[in-house]
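Got a structure for you, written out below as structure tokens; questions coming shortly.
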Amino acid sequence: MKIYALIDCNSFYASCEKVFRPDLKNRPVVVLSNNDGCIIARSAEAKALGVEMGGPYFKIKAELARKGVRVFSSNYELYGDMSARVMDILRGFSPDIEVYSIDEAFVGLDGTDDLDAEGRRIKRRIYTWTGLPVSVGIAETKTLAKIANRIAKKSPKAGGVLDLFKSRFREKALEATDIIDIWGVGRRLSKRLRNMGINSALDLSRANEQIIRKEFGVTLLRTVLELRGISCIPLDMAPPPKQGICFSRSFGRPVEELRELKEAVASYSARVAEKLRGQESVAGAIDIYITTNRFREEDPQYSAHLTRTFPVATSDTSEIIDYAASGLERIFRAGYRYKKAAVTATGVVPADSVQTNLFDTAMRGRNENAISVMDELNHRFGRDTVVPAATGLGAAWHMRREMKSPAYTTDWDELPRAI
DNA sequence: TCTGGGGTCCTAGGACCC
DNA sequence: TCTGGGGTCCTAGGACCC
């Protein structure tokens, strides 16, 4: 029988700031997003004062000051560092751990006798070693562990830890959980479910499987089964490298010039390339997105994106910047006040898989002649001088720019002429 | 003046092939 | 003439997560 514990740091960003400011103990604290745009974390004291999550800072700045709320700009380096410490401590309890987000992890506790006591040991050790308060929820599925965690966090009686594994309180817990608070049920789904008279987690756990499958798809069906204690979402201990790598930012002020946008897109592209190399991946394509400020309804609105595919998957900074820049030129329209730009690498695969893919592509082409010509070129000019592109129909031959006469052809039979 | 950033998964529909 | 089933691959868009 599987047992899952969900460990979740309370008000993570706000708690991280408090660790280094003992004078703020028991004081309300909030943390702001990039550009100090909106509130992304609130300490318990701030929540008690009614400070809303996601509220734009400029609208409530005066109110926060009046209430004595301390305000921090976000410091992601600090949060990443604190997160790593917490995850290391959890690894001391079980090797079965899925780091789910910066402030959450699922831990497998199979074979543990006293789950409640183990949960309290985890909570105590993290607090002693890092100063961060956490909540622990335990159950036989991840979805139920999420619910247990949520109740542990809110209920004063639970003291931050709730074990729902084979618990006689499970039905009560489901009944007390509103549909919108279930992991995997968002605004849209909850609306549709309410129309069917499904309002609580208990209602959803009793819903008809066929109807759920037909009307909502397999994702929600899995949620239903998980609520019944049937585990459908296993621990993901070694998440594969990211499939898409994105860098996106809002500008501090409206941007109208192509030149300025280009600078932004170039620096975002460089960051994406860095991230790619950091996880030893390459991208098959790059997507550029720009948009105006949707909150300024009086302004003309425009947003656009464009995907550019690389002949050969790459993590090369200048190549990525070039492609992004030319994509930007194509979607840029003058006369708009731009607010935000994003650069996303897609088709991301491990760098060392590319040669394998290329070989497969070559074999699919079944053109012995082309393959032997490629081999000969590579033998004469050095390894990887010529490679077949991984994407596109048929075979596309790409010759690296180190060669004096770079050639690019989409025809197998053309290759010999490239010599 | 001022409204975050970074992801995943699923499904539907079109292109293309035999 | 344009009719059929079965399959893959790709893309766009929706919904959700923290």
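Below, chain A is the first sequence line, B the second, and so on; all start at residue 1. Hydrogens, waters and symmetry mates play no part in the numbers below; they use all other heavy atoms, side chains included.
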Quick one: label A/Lys61 by what it contacts on the DNA or RNA (base, sugar-phosphate, nothing), any heavy atom closer than 4.0 Å. nothing

Applying a 4.0 Å non-hydrogen cut-off, can you work out what A/Asp103 is touching in the nucleic acid: base, sugar-phosphate, or nothing? sugar-phosphate

Could you check whether A/Ile102 gets within reach of a base, just the sugar-phosphate, or nothing at all, counting any heavy atom under 4.0 Å? nothing

Consider only side-chain N and O atoms of A/Asn149 and A/Ser135, and report whether a donor and an acceptor are under 3.5 Å apart. no

From the options B/dT8, C/dA15, C/dC18, select the nucleotide whose nearest atom is closest to the side chain of A/Leu189. C/dA15

Grab the CD1-C1' distance between A/Ile233 and B/dC9 for me, whole Å please. 11 Å

Return the value, rounded to whole Å, for the distance between atom CD1 of A/Ile179 and atom C1' of C/dA15. 15 Å

Rounded to the nearest 0.5 Å, how far apart are CG of A/Leu162 and CG of A/Asp116? 8.5 Å

Picking from B/dG5, B/dT11, C/dA15, which would you name as closest to the side chain of A/Arg213? B/dT11

What does A/Tyr100 touch in the nucleic acid at a heavy-atom separation under 4.0 angstrom: a base, only the sugar-phosphate, or nothing? sugar-phosphate

Counting only heavy atoms not in A/Tyr127 (residues, nucleotides, ligands), do more than 12 fall under 6.0 Å from its OH? no

Starting at atom CD1 of A/Ile180, determine the distance to atom C1' of C/dC17, rounded to an integer number of angstrom. 12 Å

Tell me which nucleotide among C/dC17, B/dG5, B/dT8 gets nearest to the side chain of A/Lys340. B/dG5

Requiring both pairing distances under 3.5 angstrom, list the stems that contain DNA chain B and are made of three or more consecutive Watson-Crick or G-U pairs. B:5-18 with C:5-18

If you look at every strand shown and take non-hydrogen atoms under 4.0 Å, does A/Ile182 touch a base, only sugar-phosphate, or nothing? sugar-phosphate

Candidates B/dC10, B/dG7, B/dC2 - which lies nearest the side chain of A/Arg222: B/dC10

Options C/dC17, B/dG7, B/dG4, nucleotide nearest the side-chain atoms of A/Ser33: B/dG4

Of A/Asp96, A/Thr112, A/Leu115, which is the lone residue that meets side chain to side chain contact (heavy atoms under 4.5 Å, CB included) with A/Ile3? A/Leu115

Of the nucleotides C/dC18, B/dT3, B/dG6, which one has an atom closest to the side chain of A/Phe58? B/dT3

To the nearest Å, how far apart are A/Tyr268 OH and B/dG6 P? 9 Å

Of A/Phe251 and A/Cys246, the one whose nearest nucleotide on DNA chain B sits closer to the 5' end is A/Phe251

Rounded to whole Å, please give me the gap between CD1 in A/Ile212 and P in B/dC10. 17 Å

Can you check the A/Lys146 NZ to C/dC17 P distance for me, whole Å? 9 Å

In terms of side-chain heavy atoms of A/Thr219, which of B/dT8, C/dC17, B/dC10 is nearest? B/dC10

Which nucleotide sits closest to the side chain of A/Trp183: C/dC17, B/dG6, B/dG7? C/dC17

Which is true for A/Arg253 with a 4.0 Å heavy-atom rule: it touches a base, it touches only sugar-phosphate, or it touches nothing? nothing

In whole angstrom, give the distance that lies between atom CG of A/Asp287 and atom P of C/dG13. 11 Å

Can you tell me how far C1' of B/dG4 sits from CG of A/Leu32, to the nearest Å? 10 Å

Which comes earlier along DNA chain B counting from the 5' end, the contact point of A/Ser248 or that of A/Lys59, where each point is its nearest nucleotide? A/Lys59

Taking atom types as modelled and ignoring hydrogens, do the side chains of A/Tyr4 and A/Ser231 form a donor-acceptor contact shorter than 3.5 angstrom? yes

Hey, is CD on A/Gln279 packed in by over 12 heavy atoms from elsewhere, all under 6.0 Å? yes

Phosphate-side-chain proximity, A/Arg296 and B/dT1, N/O vs OP1/OP2 below 4.0 Å: no

Quick one: pull up CD1 in A/Ile7 and CD1 in A/Ile89 and give me the separation to the nearest 0.5 Å. 11.5 Å

Check this for me, if you would: do A/Arg259 and A/Glu257 make a salt bridge, where the nitrogen-to-carboxylate-oxygen distance has to be below 4.0 angstrom? no

When you check the side-chain N and O atoms of A/Arg308 and A/Ser326, is any donor under 3.5 Å from an acceptor? yes

Side-chain contact check for A/Pro56: nearest option of B/dT3, B/dG6, C/dC18 is B/dT3

When rounded to the nearest Å, what value does the distance between P atoms of C/dC17 and B/dT3 take? 25 Å

Nearest-neighbour nucleotide for the A/Lys339 side chain, B/dG5, B/dT3, C/dC18 considered: B/dT3

